[in-house]
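Fair warning: this is a prediction, and the values are worked out from it, not measured in the lab. Labels below follow one simple rule: chain letters A, B, ... track the order of the sequence lines, proteins then strands, and each chain is numbered from 1.
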Amino acid sequence: MQHTSTQDTLVGLFVASGILGLFFLAMQVSNLSSFVNEDSYTITARFENSGGLKVKSPVSAAGVKIGRVTAISFDPKTYESVVKMSINSKYNTIPDDTTASIFTAGLLGEQYVNLDAGGSDTPLKNNGKIEITQSAIILEKALGQFLFKSAAEDKK
Amino acid sequence: MTSFLEYLGQSTRISFTKLGRASYFLVQILAGLLSLITRPRLLLKQLYSVGVLSFLIITISGLFVGMVLSLQGYYTLSDFGAEETLGVMVAASLVRELGPVVSGLLFAGRAGSALTAEIGLMKATEQLSGMEMMAVDPIRRIITPRFLAGLISMPLLAALFSAVGIIGGQMVGCGLLGVDEGAFWSQMQAGIDFRDDIINGVIKSLVFGFVSSWIALFEGYDAIPTSEGVSRATTRTVVNSAFSILGLDFILTALMFGEH
């Protein structure tokens, strides 16, 4: 055991580089860094149809991401989709008459919630509700309607 | 016909006996883990031969795997005009699958075979029985430190593999193929989840480290103490480790990424 101390150093370097690799994966590769110290508040919106919206889908206002969807559930009484969103506390001035709509990023991209600010002076609070919503556009439905319409026009 | 049935029955019985011995061996290893706290130097030495000596092969393979992934992914993704998602593709496939699996296979080939050969040779030269004669438990003295070293090294090596692979993929994707660097990283960060992807990858690599160290040590300990026996045991280590890693990977993937 003559080279014990160099061996120790190499083992130390190895463990340190392994941990560094994990740290790199956590901070640079995954979304962990965007969660650090993020205070947020929750708002709820009811949609007639939430389409392909998923938990963790982005919530954006004016094209800027301000939060994400935390839960989607079905209300068996009103037959609506209840979407819970957590919004970054930095953006606490969103008016309570804001419209929430579900849009698709690009033609085939993922769906996200878009908030269009209203004109009210009172901001949404924690556990606040968005009253005005617009459902997701279901591509098949829209296509079907278009086809029926053009077929009806052809008959005339 | 009878001899065939006889052979079938005998080989089944032998393999079950072996599984039983391997399980008993594992219990003995785990029982020795606590006593290792008092002798960290044994562990350190094994961390060197199991972990540090595997460092180079893991990082270099990781770099090339990442570079190839980036190159191949680019040609497919560019057909759909989705080159920007190259980052997610490279990172997800490395962190979820290739990192743990390929580094597990390399680990079995590099460190596992060495462990089997070392212990098999110790047995063949009667060093293990010599220790028993001196009232030194060979499992605690020889096997347990190697097992723990494998268990610690594997997640670190897999994380290194993925990290180096992603850097390699970024070098090829952004440097050679002209994917926008900002889009590469931001798409990756949006697409990779810490808990779902990275922690699951670490769990996978822990399981693979556990299984391949167990197999390697058992095959060495159970080897027929001749030069031929040791060579067969080494082959069995690599083959069985590869099978177990790939089979377990399927099960773990089905468990972890099933709900989405």
Worksheet item: Take atom CD in B/Q72; do more than 12 heavy atoms of anything else shown fall under 6.0 Å from it?
Response: no
Practice prompt. Name the region of B/L94, side chain, backbone, both or neither, that has any atom closer than 4.5 Å to a heavy atom of chain A.
Written response: neither
Fill in: Region of A/L20 in contact with chain B, defined by heavy-atom distances below 4.5 Å
neither
Worksheet item: Under a 4.5 Å heavy-atom cut-off, does chain A meet the side chain of B/I198, its backbone, both or neither?
Response: side chain
Practice prompt. Taking only Lys NZ, Arg NE, NH1 and NH2, and the carboxylate oxygens of Asp or Glu, determine whether A/D8 and B/R41 approach each other closer than 4.0 Å.
Written response: yes
Item to complete: Considering only heavy atoms, give the residues of residues 148-158 of chain B separated from chain A by less than 4.5 Å, sorted numerically, with 'none' for an empty result.
Response: B/S153, B/L156, B/L157
Response to the item:
Heaviest contributor of heavy-atom pairs below 4.5 Å to chain A, chosen from B/G51, B/G191, B/A91, is B/G51
Item to complete: Write down the atom of B/Q189, the atom of A/M27, and the distance for their closest heavy-atom approach.
Response: NE2-O, 4.2 Å
Worksheet item: Run the side-chain contact (heavy atoms from CB on, under 4.5 Å) check on A/S17 and B/F55 step by step: do they pass?
Response: CA-CA 10 Å; A/S17 61; B/F55 180 86; 3.4 Å; yes
Fill in: Contacting region of B/V202 [heavy-atom separation from chain A under 4.5 Å]
side chain
Worksheet, complete the sentence: Counting heavy-atom pairs under 4.5 Å with chain B, the top scorer among A/G21, A/P58, A/G18 is A/G18
Worksheet item: Would you call B/I166 and A/L25 a side-chain contact if the rule is heavy atoms closer than 4.5 Å?
Response: yes
Worksheet item: Just wondering, are more than 12 heavy atoms of other shown residues or ligands nearer than 6.0 Å to CG in A/D75?
Response: yes
Worksheet item: To the nearest 0.5 Å, how far apart are OG1 in A/T6 and OH in B/Y48?
Response: 7.5 Å
Worksheet item: For A/F74, does the CZ atom have more than 12 heavy-atom neighbours from other residues, nucleotides or ligands under 6.0 Å away?
Response: yes
Worksheet, complete the sentence: Bottom line for B/L47: the part with an atom under 4.5 Å from chain A's heavy atoms is both
Item to complete: Measure the OG-CG distance between B/S162 and A/L22 for me, rounded to the nearest 0.5 Å.
Response: 9.0 Å
Response to the item:
So, the part of B/V52 with a heavy atom under 4.5 Å from chain A: the answer is both
